[in-house]
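One structure is given below, encoded as structure tokens.
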Amino acid sequence: MRRTVYTEDHEAFRETIRAFIEAEVVPVYDEWYAAGQVPREFYYKLGELGVFGIEVPEEFGGAGLETFKFEAVMAEETARAGINFGGSGVHVLLCLPYLKAYATEEQKKRWLPDFATGRTMYAIAMTEPGTGSDLAGMKTTAKLSEDGTHYVLNGAKTFITGGVHADKVIVCARTSAPTAGDRRHGISLFVVDTTSEGYAVGRKLDKLGLRTSDTAELSFSDVKVPVGDLLGEENKGFSYLGQNLPQERLGIAVGAYAQAKAAIRFTQAYVQERTVFGQTVASFQNTKFELAACKAEVDAAEAVVDRAVEAIDAGELTAAEAASAKLFCTEVAHRVIDKCLQLHGGYGYMNEYPIARLYADNRVNRIYGGTSEVMKSIIAKSMGL
């Protein structure tokens, strides 16, 4: 079936991204993989290519488009090549919506031009050690100074994607205590300069997958944050976080679908070349049946993704629908990639093969952005259960 979600503009962009990946990423990706992160300079290249500015308003140096589809194309193309762009996905997918929705005009003038070029890279710091998905339980505090000129930030964050290279971080912190009836009350968002005194990057975390994505621990010790860098209104941060979750979860769903589709591509090529017992692995009925079943699942995931992408561009994607898309696509990817690795045999366990890296990269999809169990709870609640 022909996909109708993309136009000629999206396909032209796909060709540009694919050529860029082949020329700029594939030849050096093994070096990045070994180093555990992409070079900071790589983000300048992405900025020059225009990928950071697609959804940035024109008056701040961007293209001014209001669409998720270009992000979806990039997810598909990076998965197809068996690579990723490090923490750049967080920069655009997670951070930009907050800046566009809650920054003042003065803040946008200060922040968005360098956001679009990659001169300033952003990360977002929500999760804390010991809290996991319970954001209402965060302990990081931001107390207004006596003279009212700045907040004093203290606390720690973990699992911060892009945290090593980030120039600015959107930090969630408590500006007042939770009320008796609402643990979510009192959280605010701040755009924190990573060169601030008292700001520190701790360990670059050693992850199972997503090896080229720099993930770090952060700590704040009496960090002074100017009042002019409060993002949105004080104490309303938790509601802001909830409003962007559908897009974040759709991004994970699209990435998972793209990884599953790529797994079939890698496996089909492998089984057609690999011979055992005097014949290609592809010639065995079991191989044909397994890959056919995988394709059927990926076709279904593609339909779910395309429907959700159209819905978010129309402003109609609900939290439950995003949760459903994430749950379905990540579970499909889990099954498909596992079967594809099995068809590689022992070579599938070697990191030199893309399927092994995909297997490791894919596992986190059922955890971050809300676990599969959380997605089920959201869906069940929408059903009145």
Side-chain angles (χ1 to χ4, degrees), residues 3-25 38 40-81 83-124 162 165-168 170 191 231 243-244 246-248 250-255 258 305-306 308-317:
R3 299 179 78 183
T4 59
V5 68
Y6 298 125
T7 67
E8 291 181 0
D9 289 342
H10 300 120
E11 296 305 333
F13 178 72
R14 184 188 303 279
E15 291 180 10
T16 298
I17 290 295
R18 188 174 295 183
F20 175 81
I21 289 171
E22 289 297 321
E24 300 288 344
V25 181
V38 306
R40 176 62 178 84
E41 296 74 21
F42 174 65
Y43 295 138
Y44 299 139
K45 294 182 179 180
L46 289 178
E48 291 171 4
L49 194 62
V51 300
F52 293 151
I54 292 172
E55 297 180 63
V56 172
E58 291 184 73
E59 61 266 36
F60 304 117
L65 301 180
E66 293 290 339
T67 177
F68 181 83
K69 292 180 180 178
F70 291 99
E71 280 298 308
V73 169
M74 279 195 288
E76 292 177 6
E77 288 304 306
T78 52
R80 179 185 181 275
I83 60 96
N84 71 64
F85 286 167
S88 63
V90 166
H91 180 69
V92 176
L93 186 65
L94 269 65
C95 297
L96 183 57
Y98 292 108
L99 300 180
K100 288 172 62 178
Y102 307 115
T104 65
E105 285 302 304
E106 184 274 332
Q107 289 173 330
K108 290 177 181 177
K109 289 178 183 178
R110 280 196 286 132
W111 296 334
L112 290 182
D114 284 348
F115 180 103
T117 63
R119 285 194 293 268
T120 301
M121 293 299 296
Y122 283 72
I124 185 165
H165 283 322
D167 303 293
K168 291 186 183 294
I170 299 173
V191 175
L231 186 60
Q243 290 169 25
N244 193 49
Q247 176 165 304
E248 178 183 352
L250 175 57
I252 297 169
V254 173
V305 160
D306 287 358
V309 167
E310 293 286 19
I312 200 166
D313 270 15
E316 298 173 352
L317 185 70

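We number each residue from 1, following the sequence as shown.
Atoms CE and CD1, from M74 and I21 in turn, are 9.5 Å apart once rounded to the nearest 0.5 Å. Within the model, atoms CZ of R119 and OG1 of T117 stand 3.5 Å from one another, a figure rounded to the nearest 0.5 Å. Distance check: E24 CD to L46 CG gives 9.5 Å after rounding to the nearest 0.5 Å. Here the straight-line distance linking atom NE2 of H91 with atom CG of L93 works out to 12.0 Å at 0.5 Å rounding. To the nearest 0.5 Å, the span separating CD1 on I17 from OG1 on T78 amounts to 9.0 Å. The NZ atom of K108 sits 12.5 Å away from the CZ atom of F115 when rounded to the nearest 0.5 Å.
Listed by chain and residue number, nothing satisfies the ring pair (Phe, Tyr, Trp, His ring centres under 6.0 Å) test with F68 (two or more places apart in sequence, or in another chain). For the side-chain contact (heavy atoms from CB on, under 4.5 Å) test, residues two or more places apart in sequence or in another chain that qualify with K109 are F60. For E11, the salt bridge (Lys or Arg N to Asp or Glu O under 4.0 Å) partners two or more places apart in sequence, or in a different chain, are R14. For R40, the side-chain contact (heavy atoms from CB on, under 4.5 Å) criterion is met by Y43, Y44, M121, H165, D167, not counting sequence neighbours. Listed by chain and number, the residues in a side-chain contact (heavy atoms from CB on, under 4.5 Å) with D9 are T7 (sequence neighbours excluded). For L94, the side-chain contact (heavy atoms from CB on, under 4.5 Å) partners at least two apart in sequence or on another chain are V90, I124, E248.
Smallest separation of non-hydrogen atoms from L250 and L317: CD2-CD2, 4.1 Å. Contact record, K100 with L65: NZ-O, 4.5 Å, taken as the closest heavy-atom pair. Contact detail for Y98 and I170: the closest heavy-atom pair is CB-CD1, 4.1 Å. Minimum interatomic distance between A166 and Y122 (heavy atoms only, all atoms of both residues): CB-C, 4.5 Å. Closest heavy-atom contact between D306 and R3: OD1-NH2, 2.6 Å. Nearest approach of A75 to A258, heavy atoms of both residues: O-CB, 3.7 Å.
The side-chain heavy atoms of V51 and V92, taken from C-beta on, include no pair separated by under 4.5 Å. Contact check for E71 versus Q247: no side-chain heavy atoms found under the 4.5 Å cut-off. By the 4.5 Å heavy-atom criterion applied to side chains, L99 and V191 are counted as neighbours.
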Practice item. Please report the C-alpha distance between K45 and F20 in whole Å, then the side-chain angles of each, then the deciding distance to 0.1 Å, and finally whether the side-chain contact (heavy atoms from CB on, under 4.5 Å) criterion is met. Key: CA-CA 10 Å; K45 294 182 179 180; F20 175 81; 4.2 Å; yes
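Ion pairing between R80 and E76 fails under the 4.0 Å rule for side-chain N and carboxylate O.
Under a 3.5 Å cut-off, the side chain of K168 and the backbone N or O of T120 do not form any donor-acceptor pair.
Counting non-hydrogen atoms of neighbouring residues, nucleotides and ligands closer than 6.0 angstrom, the CD atom of E8 reaches no more than 12 such neighbours.
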